[in-house]
Enquirer: 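This is the structure I have questions about; it appears just below.
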Amino acid sequence: MKSKNNLKNTNQEGIKNTKKNPFIGGFIFLTIVCIIYCIVYFNNKPFFYEILNKSKGVFIQIVPILIFVFVIMATINYFITTKKLVKIFEKSRGVHKWIYSIVAGIISTGPMYLWYPLLSELKEHGMRNGYIATFLYARSIKPALFPIMIFYFGISYTIVISASLIVFSYLQGKLIDLLKV
Amino acid sequence: MKEQPKTQKLKKAIFSSMKSIIGATPMILGIIMLISLISLSLSNDKISLFLNHNWYDPILSATFGSLMAGNPVTSYVIGGELLKLNVTMVAIISFLVAWVSVGFIQLPAEMNLLGKKFALLRNLISFVFSICVAFVSVFVVNLLG
């Protein structure tokens with residue numbers, strides 16, 4: 001059995017393996033695309049202005065939605081804390097535990113890897129893998145991103161995809177338990 | 001005196017959300033610019049990688065979604081732009097769901113912390129389910145008209 005210190009070290013190693021600054025990756029990608037745009041500019045100026053206008057148009061459409069997304073994200077971050085989620089997990093039993101796993105997954109924020117250490121500790125305290133799998137799959141539903149989803153795919157798809165994800169997150173948990181992983 | 005923790009909490013919430021949105025902005029901008037370039041460069045109305053095939057398209061897009069990581073906002077932007085290029089909805093939903101549920105890049109950490117067998121099986125099931133969710137969603141929306 002792992003001691004608490006060992007578990008902490010393992011957690012930190014695990015995080016180190018994956019944690020990287022997403023801004024740097026995005027910035028490198030943007031720089032590469034800008035270089036491609038420069039090449040287009042020197043080869044075909046009218047086409048350059050055409051793609052630039054198209055990009056500008058799409059970006060302007062998205063900005064108000066991103067602001068809305070930011071407001072919802074901040075609201076969720078203000079009201080939901082990791083402590084609250086852990087309390088919910090620990091208190092619930094039976095069918096409620098499945099429901100809370102789904103709800104906790106939906107309202108949890110941040111990258112998936114940040115939740116691994118906490119889930120690992122909950123597992124050490126006897127939490128079943130099925131609940132963990134359900135929690136992780138329910139994270140696919142992002143209420144903060146509903147505005148951008150509605151903008152691109154419409155309200156019907158937003159509702160139906162979210163409902164399907166809830167059902168499949170439960171199924172995944174059950175399947176993991178059934179396979180005795 | 002009670003106001004101070006609340007203000008701090010609010011500041012923390014705003015900072016965390018702002019960090020998330022600002023962090024995703026260069027990627028979103030790059031994706032928009034690249035898709036604009038591709039869509040205007042292609043003479044046909046579809047990205048040639050997608051064949052409008054019932055199984056090939058969702059498997060391909062779920063594979064892309066599994067390999068990519070980052071803020072889900074980016075996946076919605078890509079999905080939305082692909083939709084404008086007439087890529088099928090099943091393929092787009094598979095991509096979106098795989099992006100957030102399958103963590104190929106995060107797999108070493110997941111295996112390390114939650115167990116090798118669990119991590120591998122969970123990601124495999126999530127991959128298959130991303131395609132199932134796509135088919136079910138499209139079927140239900142079509143059924144509802």
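Chain identifiers are assigned alphabetically (A, B, ...) following the order of the sequence lines, protein sequences preceding nucleic acid strands; residue numbering begins at 1 within each chain.
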Enquirer: Checking B/Leu29 against chain A: side chain, backbone, both or neither under 4.5 Å from a heavy atom?
Expert: both
Enquirer: Does B/Tyr76 reach the side chain of A/Phe151, with side-chain heavy atoms less than 4.5 Å apart?
Expert: no
Enquirer: What part of B/Met111 lies closer than 4.5 angstrom to a heavy atom of chain A: side chain, backbone, both or neither?
Expert: neither
Enquirer: Which bit of A/Leu119 comes within less than 4.5 Å of chain B, counting heavy atoms only: side chain, backbone, both or neither?
Expert: both
Enquirer: Is A/Phe47 in contact with chain B via its backbone, its side chain, both, or neither, using a 4.5 Å heavy-atom distance?
Expert: side chain
Enquirer: Is A/Tyr157 close to B/Val138 at the side-chain level, that is, under 4.5 Å between some pair of heavy atoms?
Expert: yes
Enquirer: Are there residues of residues 68-79 of chain A that reach to under 4.5 Å of chain B by heavy atoms, and which ones?
Expert: A/Val69, A/Phe70, A/Met73, A/Ala74, A/Asn77, A/Tyr78
Enquirer: Measure A/Val167 against the heavy atoms of chain B and call it side chain, backbone, both or neither at under 4.5 Å.
Expert: neither
Enquirer: Does any non-hydrogen side-chain atom of A/Tyr152 lie less than 4.5 Å from one of B/Ile92?
Expert: no
Enquirer: Hydrophobic side-chain clustering at under 4.5 Å (ILVMFWY, transitive links): who's grouped with A/Ile39? Put none if nobody.
Expert: A/Ile35
Enquirer: Relative to chain A, which segment of B/Ile14 carries a heavy atom at a distance below 4.5 Å: side chain, backbone, both, or neither?
Expert: both
Enquirer: Would you say the side chain of B/Ser101 lies within less than 4.5 Å of the side chain of A/Leu136, judging by non-hydrogen atoms?
Expert: no
Enquirer: Where does B/Leu10 contact chain A at under 4.5 Å (heavy atoms): side chain, backbone, both or neither?
Expert: both
Enquirer: What part of B/Ser20 is in contact with chain A, defined as an atom under 4.5 angstrom from a non-hydrogen atom: side chain, backbone, both or neither?
Expert: side chain
Enquirer: Is there a side-chain contact between B/Val97 and A/Tyr137, using heavy atoms and a 4.5 Å cut-off?
Expert: yes
Enquirer: Pick one of side chain, backbone, both or neither for A/Leu175, based on which atoms fall under 4.5 Å of a heavy atom in chain B.
Expert: side chain
